[in-house]
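Heads up, the thing below is written out as C-alpha cells.
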Amino acid sequence: MEQIQAVQQVDRYVHQRRFTDQKFVSWALYFFLLSWITLGIYSILIFYRRIDRADRFGDRRVHYYDAVISASRQYAELSEQYGAAHEDLDDLQRFVKTRFADEHRPIKAGLSLILTFLTLGIYGLYADYRTMRFWWEIQITEQDFDEKISLIWTKVGIIRYPLTFEPDEELHRSFGLHLFLTVITLGIYGILWDYRLHTDPEKVYPEFHSVEDGVLGALRTAAPRS
C-alpha cells in the first residue's frame, strides 16, 4: 500500500504539468499586436508570466524528484534491496536539495516586476538573465537526475535500460553576448532575444514529458511488490 501511495505522488506531480508547463499566445501575436493595442500593458503581463512559468516549473520539478526518490525507497525496502540503494538515494536527495537551493532558486515574478519598475528596467535585465539561465540549468539537473536514478533502479531491479534525457544545446546561451548585440544593434537583436525567452520553454517541454512518462510507467510496472 505504501508503494502504491508513493507512485501516486509521482503521478500527481507528473499530471500537474497541465497547469505549470504553459504555452503562451504566439510570439508574433503578442509582440506585433497585443502589446501595441494595450499600449505595452500586455508586455508587462508577459514579463510577469515568463518568470512565474519558470518558478512554477521549478516547484513542480523539485516535488516530482522528491516523489520519485520516495517511491524508489519504498520499492527498494519492499524488495529487500534497500541496502544496495540506501546511500545512493541519500546522495541523490542531497543533490536535488543543493541544486534547488543554489541553481534553481525562485526568481519571484511579483518582486521582479516591482523592482523592475523601481530601477527603471535595470532589474528586468537581471530577471531575464535568471529566466534564460533557468531553462538551461534545469535541463542539466534533469539529465544528472536521470543518470543517477537509472543507476539506482538498475541495482534494485526496477529497470534494465537507463533513462535518457538530452538537453537542447540551443538554450545554452551567453547573456552578456545577447545584451551586447542588443545594444550595438540599437535594440533590433533584442527582438530575437525576446522571441527566445518566449518560446524556449515550449521547445524543452516534450523531452521532459517523455522522461516523466517513462519514469511513471516504470514505477507502475514495478509496484506493488511485497
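Along the sequence shown, residues are numbered consecutively beginning with 1.
- The shortest non-hydrogen separation linking Ile140 to Pro167 is CD1-CG, 4.2 Å.
- Between His86 and Asp90, the side chains place a donor N or O and an acceptor N or O closer than 3.5 Å (distance only, hydrogens not considered).
- Ile107 forms part of a hydrophobic cluster together with Ile44, Phe47, Tyr48, Ile51, Leu113, Phe117, judged by ILVMFWY side-chain heavy-atom separations under 4.5 Å.
- Tyr126 is not connected to Leu181 by any chain of hydrophobic side-chain contacts under 4.5 Å among Ile, Leu, Val, Met, Phe, Trp and Tyr, and they are in different clusters.
- Here the straight-line distance linking atom NZ of Lys23 with atom CZ of Arg53 works out to 11.0 Å at 0.5 Å rounding.
- Taken to the nearest 0.5 Å, the CZ atom of Arg133 stands 4.5 Å off from the CD atom of Glu103.
- Taking the six-membered ring for Trp and thresholds of 30 and 60 degrees, Trp27 and Phe31 have nearly parallel ring planes, at less than 30 degrees apart.
- Within 6.0 Å of atom NZ in Lys203, more than 12 heavy atoms from other residues, nucleotides or ligands are found, so the atom counts as buried in its surroundings.
- In this structure, the separation between OG1 on Thr20 and NE2 on His63 is 12.0 Å, given to the nearest 0.5 Å.
- Environment of CZ in Phe95: crowded, with over 12 heavy atoms of neighbouring residues, nucleotides or ligands closer than 6.0 Å.
- Nearest heavy-atom pair, Thr119 versus Leu115, reported as atom, atom and distance to 0.1 Å: OG1-O, 2.7 Å.
- Salt-bridge formation is not detected for the pair Arg196/Glu170: no Lys NZ or Arg NE/NH1/NH2 atom is positioned less than 4.0 Å from an Asp or Glu carboxylate oxygen.
- Asp55 places no side-chain N or O within 3.5 Å of a backbone atom of Pro106 that could act as its donor or acceptor partner.
- Side-chain contact between Asp88 and Leu151 is absent, with no heavy-atom pair separated by less than 4.5 Å.
- Under the 4.5 Å side-chain heavy-atom criterion for Ile, Leu, Val, Met, Phe, Trp and Tyr, Ile191 and Leu186 are members of distinct hydrophobic clusters.
- Residues satisfying the side chain to side chain donor-acceptor pair (under 3.5 Å) test with Glu137, not counting sequence neighbours, are Arg99.
- Salt bridge present: Asp91 and Arg94 bring a charged side-chain N and a carboxylate O closer than 4.0 Å.
- Between the side chain of Arg56 and the main chain of Phe19, a donor-acceptor pair closer than 3.5 Å is present.
- Cluster membership check: Leu192 does not share its hydrophobic cluster with Phe175, using side-chain heavy-atom separations under 4.5 Å among Ile, Leu, Val, Met, Phe, Trp and Tyr.
- Closest approach of Val68 to Val10, counting heavy atoms only: N-CG2, 3.7 Å.
- The side chain to side chain contact (heavy atoms under 4.5 Å, CB included) search around Thr164 returns none, not counting sequence neighbours.
- Using a 4.5 Å cut-off on side-chain heavy atoms (C-beta onward), Leu216 and His15 make contact.
- Between Ala6 and Gln74, the shortest heavy-atom distance links the atoms CB-CG, 4.0 Å.
- Annotation for Glu166: atom CD does not count as buried by contact number, only 12 or fewer foreign heavy atoms lying within 6.0 Å.
- Of all non-hydrogen atoms in Leu197 and Met132, the two that sit nearest each other are CD2-CB, 4.0 Å.
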Quick one, His104 with Val62, criterion side chain to side chain contact (heavy atoms under 4.5 Å, CB included). Give me CA distance, side-chain angles, the key distance, then yes/no.
CA-CA 10 Å; His104 309 315; Val62 70; over 6 Å; no
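- Classification of the Phe208-Phe57 ring pair by plane angle, with boundaries at 30° and 60°, yields perpendicular.
- Taken from CZ in Phe32 to CD1 in Ile37, the straight-line distance is 14.5 Å, to the nearest 0.5 Å.
- A side-chain donor-acceptor contact under 3.5 Å links His198 to the backbone of Val25.
- The main-chain N or O of Trp193 is never found under 3.5 Å from a side-chain atom of Arg173 such that the two would form a donor-acceptor pair.
- Panel note: side chain Ser150, backbone Pro162; no donor-acceptor pair is recorded below 3.5 Å.
- Annotation: the span from Asp52 atom CG to Ile46 atom CD1 amounts to 11.5 Å, rounded to 0.5 Å.
- Distance alone, capped at 3.5 Å, is enough to place a donor-acceptor pair between the Thr131 side chain and the Ala127 backbone.
- Residues Phe134 and Leu179 are members of separate hydrophobic clusters, defined by side-chain heavy-atom contacts under 4.5 angstrom among Ile, Leu, Val, Met, Phe, Trp and Tyr.
- Checked against the 6.0 Å centroid criterion, the rings of Tyr30 and Phe24 do not qualify as a close aromatic pair.
- Ala218 and Trp153 get closest at one heavy-atom pair: CB-CZ3, 3.8 Å.
- Ion pairing between Arg220 and Asp11 holds under the 4.0 Å rule for side-chain N and carboxylate O.
- Counted by atom type alone, Asp66 and Gln93 present one or more donor-acceptor pairs between their side chains at under 3.5 Å.
- Between Trp136 and Asp200, the side chains place no donor N or O within less than 3.5 Å of an acceptor N or O (distance only, hydrogens not considered).
- Rounded to the nearest 0.5 angstrom, Thr199 OG1 and Tyr195 OH are separated by 4.5 Å.
- Residues Tyr42 and Leu29 form no side-chain contact, since every pair of their non-hydrogen atoms from C-beta on lies 4.5 Å or further apart.
- Arg105 places a side-chain heavy atom less than 4.5 Å from the side chain of Arg130.
- The closest donor-acceptor contact from the side chain of Gln139 to the backbone of Asp168 lies under 3.5 Å.
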Using side chain to side chain contact (heavy atoms under 4.5 Å, CB included), reason through Arg61 and Phe100 one step at a time and then give a plain yes or no.
CA-CA 9 Å; Arg61 296 312 296 174; Phe100 280 85; 3.8 Å; yes
